[in-house]
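Right, one structure below, let's go through it.
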Amino acid sequence: MARNKHDIEALITGVTSGDRGSLARCLRFVDDDPAFGRAVASRLHEHLRGARVLGITGNPGSGKSTVVDRVIENLRAAKKKVAVLAVDPSSPFSGGAILGDRVRMSRHFEDDGVYIRSLATRGALGGLSRSTFDSVRVLDAAGFDYVIVETVGVGQDEVDVVRLADTTVVLMIPGMGDDIQAIKAGLLEVADVFLINKSDREGAADLERGLRTMLSLVPHADNIWEPPIVRSIATKNEGIDELMKKIDRHATFLESEVGRQRLLSRQGEMFERLLDAALIDAGRAGLGNALEQARNSVRDGEDPYAAVTALVEAS
Ligand SMILES: Nc1nc2c(ncn2[C@@H]2O[C@H](COP(=O)(O)OP(=O)(O)OP(=O)(O)O)[C@@H](O)[C@H]2O)c(=O)[nH]1
Ligand SMILES: [Mg+2]
C-alpha cells in the first residue's frame, strides 16, 4: 500500500478544498494504514480550523444515533457544518449498528453540510483511537465546524476515543436496574454533560437522583465544571435545545484558564496514545519475518510466553 508524497499532497489539496471524493478516500486510507494516517495527520497541522469535537457515548441502544440526528438538525439550523464518526463496536449485541446509524441519520445524507461515516472497531490495541484521532483531524481540515464521535463506551479504547473530545455527552437511560453501577468509572470522569435519554420511560427521576448522589461522592477532576444532567426524549426532540445550551456553556468553560489547562492535558494524553500506537507499529514492523515464524510456532504448540520472550530478546 505504497502511497507516496505526491499522493498525500494531492489528497490534502482535495480535502482542504472541500472535495468529497478526496475526503472519503483520505478517511479510508487513514483507517487502513496507520503510517499513512500519521503522515496525513501531521501534514494537516497547518490546515486545522479548530473544529469542535463532541463525543456522544452510552450503552448500545441508548439512543445515541437518535440524539446525534437531532443535534445535527440543531447545528444545521445554525448553518454549522457537521461531520459524524459513528464507531461500530462490532459486538454481538449491536451487529446492526452501522445499519441503524444509517437509518437513524439518513435524512441528512443529502445535505452538503453534513458528512457521516461509520467506522468498524478493529481488534488491534489502540487501533480505534488512532484512526479516530487521525480522522477527526482530517475532518477539521476539511472545514467542518463540528465533528461528532458516536461510540459505545465499553472498552478502554473507546474511553480513549471519548477523551479526545472537547465536550463529552454520556447517555443513560432509565429503567435498567442498577444503572449507575453499570456506567464505567472512566466514563463518569470524562462526562461533561449527562443526558438521561428515553425520559418517557419510568425511572428518569430516580436515575437523576442516583446520578447526583454519585457525582457528589466523586468530585469532578476539574473541580469547577460540574457536569449538568439533562433529560431528553430524542425521538420527540425534547430536551435537545437544553442539551445544546449545556454544550455551549461547556465550550465557554473551555475558554477559561482551567478549561485551557484541561485541553492541554488532553493534548498530553493524546500524545501518549499516539506514541503507544506508533511504537507498536514500529515494533511489529521491526520484527519482520520472525513475527510470522513465531506465530506459526505458537500455532504448532509453542508456549506463547516463550515465543514473545524470544522475539523481544532477538529484536
Ligand atoms: N422511547 C424512546 N425511544 C428512544 C428514544 N431515543 C431513541 N429511542 C429508540 O431507541 C432505539 C435505539 O436508538 P439508537 O439511536 O439507534 O441507539 P444507539 O445508542 O445509537 O444504538 P447503537 O448505535 O446500536 O449502540 C431506536 O428504536 C430509537 O427510536 C427516546 O427518547 N425514547
Ligand atoms: Mg448508533
Side-chain angles (χ1 to χ4, degrees), residues 53-76 82-109 114-122 128 131-132 135-136 146-162 165 167-177 179-180 182-184 186-187 190-191 193-208 211 228-244 246-247:
V53 184
L54 302 183
I56 307 247
T57 188
N59 287 330
S62 53
K64 298 178 295 296
S65 299
T66 313
V67 169
V68 170
D69 177 75
R70 297 297 188 187
V71 169
I72 296 173
E73 191 178 11
N74 213 296
L75 292 171
R76 289 303 291 148
V82 190
V84 178
L85 292 172
V87 180
D88 170 27
S90 312
S91 67
F93 35 66
S94 62
I98 287 186
L99 190 61
D101 293 336
R102 301 217 151 246
V103 173
R104 232 72 78 201
M105 303 183 222
S106 58
R107 63 201 175 109
H108 298 294
F109 274 85
V114 178
Y115 186 86
I116 298 173
R117 178 172 167 79
S118 297
L119 295 172
T121 313
R122 304 283 157 70
L128 170 65
S131 74
T132 313
S135 301
V136 165
Y146 284 79
V147 179
I148 304 177
V149 182
E150 172 189 329
T151 169
V152 176
V154 281
Q156 185 53 47
D157 215 25
E158 296 227 318
V159 174
D160 286 344
V161 169
V162 172
T167 300
T168 297
V169 179
V170 173
L171 257 75
M172 295 206 240
I173 53 174
M176 295 287 285
D179 312 84
I180 310 275
I183 292 292
K184 266 184 84 85
L187 279 185
V190 296
V193 179
F194 286 99
L195 188 68
I196 301 185
N197 190 44
K198 305 200 182 184
S199 285
D200 48 331
R201 290 192 181 176
E202 232 170 276
D206 287 345
L207 175 55
E208 181 166 347
L211 189 53
I229 303 173
V230 178
R231 291 196 209 172
S232 67
I233 306 171
T235 38
K236 292 189 187 158
N237 205 15
E238 285 177 27
I240 304 299
D241 284 347
E242 189 59 24
L243 172 66
M244 299 312 296
K246 303 297 185 203
I247 290 173

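Indexing begins at 1, ligand by ligand and atom by atom, following the structure's order. The first residue in the sequence is number 1, and the count goes up from there.
- Between Ser199 and Ala204, the shortest heavy-atom distance links the atoms OG-CB, 3.9 Å.
- For ligand 1, the polar-atom distance check finds no N/O of Arg201 at less than 3.5 Å from any of the ligand's N/O atoms.
- Of the candidates Thr57, Asp200, Thr66, Asp69, it is Thr66 that places a heavy atom closest to atom 13 (O) of ligand 1.
- Put simply, the side chain of Arg70 gets close to the backbone of Thr235: a donor and an acceptor are under 3.5 Å apart.
- Proximity of Val169 to Val71: side-chain heavy atoms (C-beta onward) are nowhere separated by under 4.5 Å.
- Taking distance alone, with nitrogen or oxygen atoms compared against 3.5 Å, Ile233 stays at or beyond that limit from ligand 1.
- In terms of distance to the Mg ion (ligand 2), the nearest N, O or S atom of Glu150 is named OE2.
- Atom CE of Met172 is separated from atom CG of Leu207 by 5.5 Å, given to the nearest 0.5 angstrom.
- Only the side chain of Glu150 comes within 4.0 Å of ligand 1, judged by heavy-atom distances.
- Near Ala234, the atoms of ligand 1 lying under 4.0 angstrom from a non-hydrogen atom of the residue are 6 (N), 30 (C), 31 (O).
- Remark: ligand 1 atoms within the under-4.0 Å shell around heavy atoms of Ser65 are 15 (O), 18 (P), 20 (O).
- Among Ser199, Pro174, Gly63, the residue whose heavy atom lies nearest to atom 17 (O) of ligand 1 is Gly63.
- Numbered from 1 in the order shown, with element, the atoms of ligand 1 that lie under 4.0 Å from a heavy atom of Pro60 read 25 (O).
- Residue Thr66: no N/O/S atom is found under 2.8 Å from the Mg ion (ligand 2).
- Contact of the Ile116 side chain with the Ile72 side chain is registered, since non-hydrogen atoms from C-beta on lie closer than 4.5 Å.
- Looking at Val67, Asn197, Ile56 and measuring to atom 6 (N) of ligand 1, the nearest heavy atom belongs to Asn197.
- Taking any N or O of Lys198, backbone or side chain, at least one lies under 3.5 Å from an N or O belonging to ligand 1.
- Separating the CD atom in Glu242 from the CD1 atom in Ile247 is a distance of 11.0 Å, to the nearest 0.5 Å.
- For the pair Asn59 and Ile173, the minimum side-chain heavy-atom distance is 4.5 Å or more.
- At a threshold of 4.0 Å, the pair Glu73-Arg76 does not count as salt-bridged, since none of the basic side-chain nitrogens sits closer than that to a carboxylate oxygen.
- Close to ligand 1: Gly61, with a non-hydrogen atom less than 4.0 angstrom away.
- Between Leu171 and Lys198 there is no side-chain heavy-atom pair separated by less than 4.5 Å.
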